[in-house]
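On a predicted model such as this, the values are computed, not experimentally measured, just so you know. In what follows, residues are counted from 1 in the order of the sequence shown. All heavy atoms count here, side chains included; hydrogens, waters and symmetry mates do not.
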Amino acid sequence: MSPTSYDDWRSGFRWRIPERYNIAVDVCDRWAAADPERPAILDVAPDGRIETWSFASLREASNRFANALRAHGIQAGDRVAVLLPQSPAVVVAHLAIYKLGAVALPLAVVFGPEGLLHRLGNAGARAVVTHAGGVAKLGPLRDALPDLALVVSTDGAADGAVGYADLLAAGSPDLVPVETFADDPALMIYTSGTTGPPKGALHGHRVLLGHLPGFAMMHDFMPKAGDRMWTPADWAWAGGLLNALLPSLHHGVAVVARKAEKFEPEEAFRLMADLSVANAFVPPTALRMLRTVADPRGRFDLRRLRTLASAGEMLGPETFHWAGDALGLTINEAYGQTECNLVLASCAALGVARAGSTGRPVPGHRVAVIRPDGSPAAIDETGQIAVARPDPVMFLRYWNDPEATERKFLGDWMTTGDQGRTDADGYVHFVGRDDDVITSSGYRIGPGEIEDCLLGHPAVALAAAIGKPDPVRTEIVKAFVVLRPGHRPSEALAAEIQAFVRTRLSAHEYPREIAFRHSLPLTTTGKIIRRVLRDEA
Ligand code: ATP
Ligand code: MG
């Protein structure tokens with residue numbers, strides 16, 4: 001049952017975290033027992049054919065795979081990497097790892113050799129489940145990865161890898177999952193590496209339970225009849241895995257799996273129409289690309305699309321209003337980080353959704369904007385967004401880095417490294433990451449506000465704002481702009497865009513410099529890496 005009022009829900013909220021809890025038993029075996037043929041994964045092939053995986057088939061495959069991994073020496077606590085695009089094998093691998101009490105290490109297929117070496121080496125991974133592309137990347141790295149004992153390939157045995165299908169065939173379908181405690185490590189996710197080298201955030205099984213209230217807000221209380229989830233976000237990222245895949249399965253909602261090299265907005269709309277997607281989680285950069293498609297409702301049948309959620313970067317009023325006009329939907333924005341995800345959210349169903357605000361604290365989490373001494377900031381005073389411990393969604397620790405874990409906390413506040421402010425109605429407004437906040441003529445300016453304003457100009461497809469050092473003003477605002485198709489860079493257009501921002505924002509916020517780019521530096525999770533632009537500026 002869904003609550004009727006945000007305030008009542010929040011004030012009456014109590015966590016119910018059992019002492020023993022295993023993600024795989026919760027998201028798979030429970031459904032396989034109650035409703036075995038229920039669809040869990042809809043695997044879309046490049047030619048459009050759909051293969052449906054039921055919860056029962058996921059249980060059997062994951063039991064087989066867990067037994068096979070165990071036969072190859074994988075034990076509780078071992079880190080097992082999953083380096084595969086969206087596909088049923090990703091789910092089978094995660095479930096098997098959880099059932100063994102081992103630790104899943106999701107890795108994005110777009111990582112190059114350096115990215116893989118850093119993460120696999122740092123994590124001391126014992127095994128990698130991947131495909132032929134991953135096997136080829138790992139080949140030259142294996143000598144530098146002494147802990148890596150087993151490579152499994154979904155494309156069959158070759159080049160030192162054992163075949164995934166062979167393992168499934170050899171493993172027994174009977175397994176008693178390890179009875180993990182809710183606090184036992186289940187998952188290690190590296191942060192996006194936006195501000196520096198990625199850090200491994202270790203999470204307990206309970207992290208999934210910690211996501212559920214925020215997930216409920218993002219999707220206006222899933223499940224409802226006909227719900228079906230899709231996200232273009234890689235399931236290797238906290239967003240794809242914990243904001244979409246695992247909580248949907250927890251609710252018995254089928255998830256669409258599609259391998260895509262890159263995000264194509266027209267294809268995304270077509271997929272949502274053809275698969276009758278009801279719930280989508282689409283991060284801001286992808287939403288901004290969807291926004292360049294004219295008349296989506298006229299061209300694609302999107303009547304089944306019920307909820308549209310966003311997280312990972314600031315959404316901003318432009319994109320929020322676009323969804324209302326073009327899709328007839330309110331985007332439910334959420335906020336969190338790999339270390340502590342989904343702690344602020346909007347929820348249209350509860351009337352908690354406002355253009356320009358991330359939303360309100362998700363029931364169950366104590367979130368505040370604080371001053372450097374840990375005291376609460378006043379209304380509308382900018383400070384650090386912080387989350388109080390203990391919190392079931394909070395990471396256990398950074399991997400092998402007690403000092404970094406220690407630095408993350410100020411007393412019982414986990415600091416986020418993000419600046420925000422709370423308004424008089426309790427809505428939190430994201431200002432910017434600590435490093436991205438621009439100081440100009442004595443003002444502190446969040447880049448998001450400027451970027452959002454730039455997006456309002458009809459020629460602008462994507463924008464990033466940074467502070468460029470300036471002897472007089474400390475910093476000036478410099479904007480990097482990607483134009484929409486049909487527009488060409490010119491000094492006249494730069495001046496026009498500057499004037500456009502100047503009339504809408506305060507004079508100190510307008511970009512004194514504009515640079516046109518074909519693309520912006522993005523993390524593999526689609527976030528703008530402003531530090532790269534700062535180094536260039
Ligand atoms: P790293 O910590 O390695 O620099 P990262 O912080 O980008 O990388 P993630 O944990 O994937 O890695 O991202 C979390 C961050 O993303 C948050 O701390 C915040 O800066 C940003 N973020 C997430 N959701 C939102 C949102 N709704 N609005 C604005 N920013 C957001
Ligand atoms: Mg971070």
- Item | salt bridge (Lys or Arg N to Asp or Glu O under 4.0 Å) assessment of Arg512 paired with Asp470 | CA-CA 11 Å; Arg512 284 174 192 269; Asp470 180 87; over 6 Å; no
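- The main-chain N or O of Glu313 is never found under 3.5 Å from a side-chain atom of Lys527 such that the two would form a donor-acceptor pair.
- A distance-only check finds no donor-acceptor pair linking the side chain of Arg288 to the backbone of Leu455 [under 3.5 Å].
- When side chains are defined from C-beta on, Val501 counts as touching Pro511, because their heavy atoms get closer than 4.5 Å.
- Using a 4.5 Å heavy-atom cutoff, the side chains of Val277 and Met229 are not in contact.
- Listed by first then second residue, pairs satisfying salt bridge (Lys or Arg N to Asp or Glu O under 4.0 Å) with a partner in residues 115-125 number zero, not counting sequence neighbours.
- Phe409 and Phe395 have parallel rings, their planes meeting at less than 30° on a 0 to 90° scale where 60° marks the start of perpendicular.
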- Task: Test side-chain hydrogen bond (donor to acceptor under 3.5 Å, both in side chains) on Arg444 and Gln419 and set out the steps.
- Result: CA-CA 10 Å; Arg444 289 160 75 209; Gln419 306 272 312; 2.7 Å; yes
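- Between Phe263 and Trp230, the ring planes lie parallel to each other; the angle is under 30°, not in the 30° to 60° tilted range.
- Ser5 and Asp7 share no side-chain donor-acceptor pair at under 3.5 Å.
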- Where do Trp15 and Val393 land on the side chain to side chain contact (heavy atoms under 4.5 Å, CB included) test, with the steps shown first? CA-CA 11 Å; Trp15 288 107; Val393 94; 5.7 Å; no
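- Heavy-atom minimum distance, Pro317 versus Asp452: CD-OD2, 3.0 Å.
- Using a distance-only test at 3.5 Å, with no hydrogens or angles considered, no donor-acceptor pair links the side chain of Lys408 to the main chain of Glu339.
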Per-pair distances, 0.1 Å, donor-acceptor, side chain in residues 359-366, under 3.5 Å, sequence neighbours excluded:
{"from": "His365", "atom 1": "ND1", "to": "Asp391", "atom 2": "OD1", "distance (Å)": "3.1"}
{"from": "His365", "atom 1": "ND1", "to": "Asp391", "atom 2": "OD2", "distance (Å)": "2.5"}

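- Here His429 pairs with Asp423 under the side chain to side chain donor-acceptor pair (under 3.5 Å) rule; sequence neighbours left out.
- One distance of note links CE of Met217 with CH2 of Trp9; it measures 6.0 Å at 0.5 Å rounding.
- Taking the ring pair (Phe, Tyr, Trp, His ring centres under 6.0 Å) definition, one finds that His203 meets it with nothing, sequence neighbours left out.
- Considering only residues two or more places apart in sequence or on other chains, Phe300 meets the ring pair (Phe, Tyr, Trp, His ring centres under 6.0 Å) condition with Phe269.
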Pair up each side-chain donor or acceptor in residues 237-245 with any protein partner under 3.5 Å, not counting sequence neighbours, and list the distances.
{"from": "Asn243", "atom 1": "OD1", "to": "Asn341", "atom 2": "ND2", "distance (Å)": "3.0"}

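- Within the model, atoms CZ of Phe320 and CD of Glu333 stand 9.0 Å from one another, a figure rounded to the nearest 0.5 Å.
- For the 3.5 Å distance criterion, the side chains of Asn279 and Thr307 qualify, holding a donor opposite an acceptor.
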